[in-house]
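Heads up, the thing below is written out as structure tokens.
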Amino acid sequence: MILPNMASANVARIFGAKGYNSTVITACAASNQAIGEASEAIRRGVVDIVLTGGTEASISELGLSGFCILKALSTRNEEPDKASRPFDAGRDGFVPAEGSAILILESLEHALDRGATILAEVAGFGTSCDAFHAVQPDETGEGAARAIRWALADAETPPETIDYINAHGTSTQLNDAIETMAIKTVFGERAYKVPISSTKSMVGHALGGAGALEAVACVKSILDGVIHPTVNQERPDPSCDLDYVPNVARQQRVDVVLSNSFGFGGQNTCTVFRRYAE
């Protein structure tokens with residue numbers, strides 16, 4: 001029962017789902033990539049409808065010990081509400097979290113045939129590998145930039161049409177600076193104009209489940225016209241000098257969203273969500 005595919009196997013067994021079944025195990029990029037791979041299965045005509053997303057229950061003595069040895073966790077134990085602070089100069093590591101989010105993806109024809117309420121479109125997907133280090137991201141940001149470019153190209157969406165970026169934003173020194181660098185590489189001067197925020201600033205880092213939770217945040221931004229903030233922005237970091245929607249949510253029409261997820265092993269996955277136009 002510890003095999004990685006057993007979660008989806010058990011769901012399939014309970015509901016009698018006998019079609020396509022896959023488990024993505026690309027660390028903190030996993031559930032973002034699962035959504036992208038599910039959309040690809042629909043495009044290929046393998047399936048009409050897919051349950052996809054991610055779940056994580058990683059808070060255990062063994063798991064936390066490993067992250068502590070890596071010095072990846074915040075040590076701001078006296079102020080837990082301020083511990084997760086992506087892109088802030090005082091960030092010192094991520095806050096582990098648990099959670100799950102599941103999305104129903106289906107072909108447009110299938111959704112229309114059953115009279116579904118369509119919330120948004122998965123418009124594009126890109127994934128790359130740094131091929132650099134087991135746990136550290138490529139210091140040039142090129143691997144992340146490559147995944148962003150490929151997702152935008154897949155969606156046939158130029159950078160200037162992106163209304164919002166949901167960042168990986170882990171609150172670690174390396175990730176936040178390198179993600180900022182990657183966004184600048186792809187977006188150029190536009191990087192300073194597009195709002196960016198980190199869901200993890202408020203809910204922590206759910207590792208393999210994070211991308212799915214953030215996908216829900218992206219879709220809600222499209223539906224509600226609200227971009228959630230990156231909280232705990234107190235001290236600007238010169239290496240993180242973009243618009244991270246500091247501390248207060250922003251009312252804004254959002255039609256196209258880029259969601260970034262990066263994981264150990266140099267895994268980079270980006271997905272583009274778009275408002276559904278009837």
Side-chain angles (χ1 to χ4, degrees), residues 26-33 36 67 70-74 83-96 125-153 159 162 164-201 204-208 210-211 214 218 230-246 257-272:
T26 49
C28 304
S31 55
N32 192 329
Q33 186 166 343
F67 285 126
L70 290 172
K71 301 188 184 304
L73 301 185
S74 172
S84 186
R85 46 182 55 240
F87 307 107
D88 185 79
R91 66 189 185 279
D92 69 337
F94 74 84
V95 174
F125 161 63
T127 186
S128 72
C129 182
D130 289 348
F132 174 74
H133 190 274
V135 296
Q136 293 181 9
D138 179 353
E139 57 195 14
T140 69
E142 181 50 39
R146 191 180 306 116
I148 294 172
R149 287 195 191 98
W150 288 347
L152 295 177
I162 296 294
Y164 164 52
I165 299 173
N166 186 283
H168 186 53
T170 59
S171 190
T172 62
Q173 284 289 331
L174 281 177
N175 173 85
D176 297 357
I178 292 172
E179 182 171 13
T180 296
M181 187 185 308
I183 292 170
K184 291 178 181 178
T185 297
V186 177
F187 285 78
E189 288 301 313
R190 168 72 176 158
Y192 292 90
K193 300 176 182 177
V194 62
I196 303 163
S197 67
S198 170
T199 306
K200 295 179 184 72
S201 69
H205 190 356
L207 307 178
E214 289 154 11
C218 291
T230 305
V231 300
N232 295 322
Q233 297 294 286
E234 296 176 349
R235 292 170 50 207
D237 182 343
S239 67
C240 300
D241 58 349
L242 302 180
D243 175 8
Y244 304 109
V245 192
V257 181
L258 171 69
S259 180
N260 293 339
S261 295
F262 311 131
F264 282 0
Q267 300 293 151
N268 308 296
T269 296
C270 302
T271 302
V272 176

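Along the sequence shown, residues are numbered consecutively beginning with 1. All heavy atoms count here, side chains included; hydrogens, waters and symmetry mates do not.
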Fill in: Derivation and outcome, side chain to side chain contact (heavy atoms under 4.5 Å, CB included), residues L242 and T180
CA-CA 7 Å; L242 302 180; T180 296; 3.8 Å; yes
Worksheet item: In Å and rounded to the nearest 0.5 Å, what is the CD1 to SG distance from I165 to C218?
Response: 10.5 Å
Worksheet item: Residues in side chain to side chain donor-acceptor pair (under 3.5 Å) with T185, at least two apart?
Response: none
Discussion item. Can a donor-acceptor pair be found, under 3.5 Å and without considering hydrogens, that links the side chain of N260 to the backbone of H168?
Written reply: no
Fill in: Counterpart residues, salt bridge (charged side-chain N to carboxylate O under 4.0 Å, His left out), relative to R146 (two or more places apart)
none
Discussion item. Please check this pair: side chain of D88 against backbone of R235, looking for a donor-acceptor N/O pair closer than 3.5 Å.
Written reply: yes
Discussion item. Could you check whether any side-chain N or O of H205 sits under 3.5 Å from a backbone N or O of F94, counting only pairs where one atom can act as donor and the other as acceptor?
Written reply: no
Worksheet item: If every non-hydrogen atom of T230 is compared with every non-hydrogen atom of S201, which pair is closest and at what distance?
Response: CA-OG, 3.5 Å
Discussion item. Testing the basics here: between P86 and G169, what is the closest heavy-atom pair and its distance to 0.1 Å?
Written reply: CG-O, 3.2 Å
Worksheet item: Do D176 side-chain atoms and T170 backbone N/O form a donor-acceptor pair below 3.5 Å?
Response: yes
Worksheet item: Just one of E179, R91, Q173 clears the side-chain contact (heavy atoms from CB on, under 4.5 Å) bar with C240, so which one?
Response: R91
Worksheet item: Can you check side chain to side chain contact (heavy atoms under 4.5 Å, CB included) on K193 and F187, steps first, answer last?
Response: CA-CA 10 Å; K193 300 176 182 177; F187 285 78; over 6 Å; no
Worksheet item: Is the closest side-chain donor-acceptor distance between N32 and S261 under 3.5 Å?
Response: yes
Fill in: Gap separating the CG atom of D241 from the OH atom of Y192, nearest 0.5 angstrom
4.0 Å
Worksheet item: Does any non-hydrogen side-chain atom of F262 lie less than 4.5 Å from one of P137?
Response: no
Practice prompt. Search all heavy atoms of D92 against all heavy atoms of A83 and return the closest pair with its distance.
Written response: OD1-O, 4.3 Å
Discussion item. For N166 and T199, which I'm curious about, is there any donor-acceptor pair between the side chains at under 3.5 Å?
Written reply: yes
Discussion item. Tell me if a side-chain donor or acceptor on T172 pairs with a main-chain N or O of G93 at a distance below 3.5 Å.
Written reply: no
Practice prompt. Of all the heavy-atom pairs spanning V186 and A145, show the shortest one and how long it is.
Written response: CG2-O, 3.6 Å
Worksheet item: Under 3.5 Å, is there a donor-acceptor pair between the side chain of D138 and the main chain of D130?
Response: no
Response to the item:
Closest non-hydrogen contact found for C270 with L258 is CB-CD1, 3.9 Å
Fill in: Point-to-point distance, once rounded to the nearest 0.5 Å, from CG of L73 to OG of S84
11.0 Å
Practice prompt. Could you tell me whether R85 and D237 make a salt bridge, using a distance below 4.0 angstrom between a side-chain N and a carboxylate O?
Written response: no
Discussion item. For the OH atom of Y164 and the OG atom of S197, what is their distance to the nearest 0.5 Å?
Written reply: 2.5 Å
Worksheet item: Near E139 CD, under 6.0 Å, is it more than 12 heavy atoms from other residues, nucleotides or ligands?
Response: no
Worksheet item: So, do V95 and S171 sit near enough that their side-chain heavy atoms are less than 4.5 Å apart?
Response: no
Worksheet item: Rounded to the nearest 0.5 Å, how far apart are CD1 of I178 and CD of E142?
Response: 12.5 Å
Response to the item:
All heavy atoms of A167 vs all of I196, minimum pair found to be CB-CG2, 3.7 Å
Practice prompt. Return the orientation label for the F87 and Y244 ring planes: parallel under 30°, perpendicular over 60°, tilted otherwise.
Written response: parallel
